[in-house]
Amino acid sequence: MTTDFTDVGTAMQKVIARAKAMSKSYEKQNSENRPRQDVECPDCNDTGMLLERVEEELENGKVIYRDFGRPCHCKEKRALQNRFKNALIPNEFQNARFDNYEQQSEVQKEMFEATKEYLQSFPDIIQGKPEDNSLGFIAVLGETRIRSLDAEARYQAKAEHNNFGLGKTHLQMAAAKWIMNKIKIRDEIAPGQKSKYTRGCRVLCVSDVSFMDDLINAKMMNDEGLTLSKLTNSAINVDVLVWDDLGKAKWSEAKESLYYKIINERYRNQRPIIFSSNEDTGTLSEKIGYAASSRLLGMCGERLYEVEGDDYRLRQGKKVF
């Protein structure tokens, strides 16, 4: 839904007026061939506001134009980039790239090619908003199922159906960086009207246990739900959500409700999720809820991959990124 920020009150009107004045100043400066002042964001000239003209047809058929102001994408982009750099991404994955991903087994090659194919299709995914817009790597035999076995059977199942140390997180982080660097978006500012500004694709990376702990702690805060709303809205509204180790957090009814809220809203608005899980399709449903799981797996379509193989952290005695 498009918001007309010109109608939200005196404070916002002053911000828009200031942005207009600064924009005119820059235009005058350029027209006089004087060097433009250094700015971090050339779209808003560091005012924090984007100004555009929107065409609107009145009930009598007359077409008018009005000024449309909205917060610049540079603010949210900086916030998301800061979060990307923080503890939500383990230190060993800060340098994760496609060119340093090890492909020593068939499953690693399969995941690499799957991610490559997904990214090749991503411009059409982000613009066309198809229902099958997501990418997921899950276990053949889930961690919860393996843990429920007796010791001998658990050891055998772990040896035959290992899902750890395959490089799933590495590929997710590499994909997140690629999307942020390569994909540009034009927002819809009115029905059928695209912004004249392009922006980078916003990506949020979360690790399941840390993220769910943050949400539960926010839920218990005495701030009228403001912190919880901020966290959930960031996960719901970001262009791409990268969710590592989905279903790792200990189940609770409150967490199941939060899983559903985030996944269902992204499902309704055709916003992609790139995820990995050490659970299988059955145990993942038990950990995040059947409704959330159904929507998430449906969002993947044919891009849901069951993967297993040797744990190269153990085999090679080093971390595999």
Evaluate the criterion side chain to side chain donor-acceptor pair (under 3.5 Å) for residue pair Asp244 and Thr169; output intermediate values, then yes/no.
CA-CA 7 Å; Asp244 186 44; Thr169 303; 2.8 Å; yes
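- A distance of 11.0 Å separates CH2 of Trp251 from CD of Glu286, quoted to the nearest 0.5 Å.
- A salt bridge is absent between Lys109 and Glu113: the closest approach of a Lys/Arg side-chain nitrogen to an acidic carboxylate oxygen does not fall below 4.0 angstrom.
- In this structure, a donor-acceptor pair under 3.5 Å is absent between the side chains of Gln104 and Gln108.
- Under 3.5 Å, the side chains of Ser257 and Glu253 contain no donor-acceptor pair of N or O atoms.
- Not a single donor-acceptor pair under 3.5 Å links the side chain of Glu308 to the backbone N or O of Glu306.
- Crowding of Lys219 atom NZ: a count of heavy atoms from other residues, nucleotides or ligands under 6.0 Å not exceeding 12.
- The local environment of CZ in Arg147 is sparse, with at most 12 non-hydrogen atoms from other residues, nucleotides or ligands closer than 6.0 Å.
- Counting heavy atoms of neighbouring residues, nucleotides and ligands inside a 6.0 Å radius, atom NZ of Lys129 exceeds 12 of them.
- Ser276 places a side-chain N or O within donor-acceptor distance of the main-chain N or O of Asp245, the cut-off being under 3.5 Å.
- Residue Asn278 forms a side-chain contact (heavy atoms from CB on, under 4.5 Å) with just one option from Leu246, Thr144, Asn163, Asn162, and that option is Asn163.
- The environment of Lys194 atom NZ is dense: over 12 non-hydrogen atoms of other residues, nucleotides or ligands sit within 6.0 angstrom.
- The main-chain N or O of Leu296 is never found under 3.5 Å from a side-chain atom of Arg266 such that the two would form a donor-acceptor pair.
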For a side chain to side chain donor-acceptor pair (under 3.5 Å) check, start with the C-alpha distance between Glu117 and Ser121, then their side-chain angles and the critical distance, and finish with the verdict. CA-CA 6 Å; Glu117 183 277 329; Ser121 303; 3.2 Å; yes
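- Not one N or O on the side chain of Thr227 forms a donor-acceptor pair closer than 3.5 Å with the backbone of Asp223.
- Annotation for Asn222: atom CG does not count as buried by contact number, only 12 or fewer foreign heavy atoms lying within 6.0 Å.
- Annotation: Phe122 is not in aromatic contact with Trp178 [ring centroid separation under 6.0 Å not met].
- Atoms CG and NZ, from Asp208 and Lys255 in turn, are 8.0 Å apart once rounded to the nearest 0.5 Å.
- A distance-only check finds no donor-acceptor pair linking the side chain of Arg202 to the backbone of Val238 [under 3.5 Å].
- Using a 4.0 Å cut-off between charged side-chain N and carboxylate O, Arg271 and Asp239 make no salt bridge.
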key: CA sep, side-chain torsions, deciding dist, call: Asp280, Thr283, side chain to side chain donor-acceptor pair (under 3.5 Å)   = CA-CA 5 Å; Asp280 57 48; Thr283 57; 3.1 Å; yes
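- From Leu304, atom CG reaches atom CE of Met299 across 12.0 Å, with rounding to the nearest 0.5 Å.
- Taking both residues in full, the closest heavy atoms of Phe98 and Phe112 are given as O-CE1, 3.8 Å, listed atom of the first, atom of the second, then distance.
- Through direct or indirect side-chain contacts shorter than 4.5 Å among Ile, Leu, Val, Met, Phe, Trp and Tyr, Ile146 is connected to Leu141.
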Enumerate, atom names and distances included, each donor-acceptor pair closer than 3.5 Å involving a side-chain atom of residues 287-295, sequence neighbours excluded.
residue: Lys287; atom: NZ; partner: Gly247; partner atom: O; Å: 2.6
residue: Lys287; atom: NZ; partner: Ala249; partner atom: O; Å: 3.4
residue: Ser293; atom: OG; partner: Ser285; partner atom: OG; Å: 2.9
residue: Arg295; atom: NE; partner: Asn264; partner atom: OD1; Å: 2.7
residue: Arg295; atom: NH1; partner: Ala291; partner atom: O; Å: 3.2
residue: Arg295; atom: NH2; partner: Tyr260; partner atom: OH; Å: 3.4

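- To the nearest 0.5 angstrom, His170 atom NE2 is 10.0 Å from Met111 atom CE.
- Distance NZ/Lys248 to CD/Glu279: 8.0 Å, rounded to 0.5 Å.
- Checking each of Phe275, Tyr305, Tyr118 against Cys300 for a side-chain contact (heavy atoms from CB on, under 4.5 Å) leaves exactly one that passes, namely Phe275.
- In this structure, Leu228 and Leu258 have side chains that are in contact, with non-hydrogen atoms separated by less than 4.5 Å.
- Atom CD of Gln120 sits in a crowded spot, with more than 12 heavy atoms from other residues, nucleotides or ligands closer than 6.0 Å.
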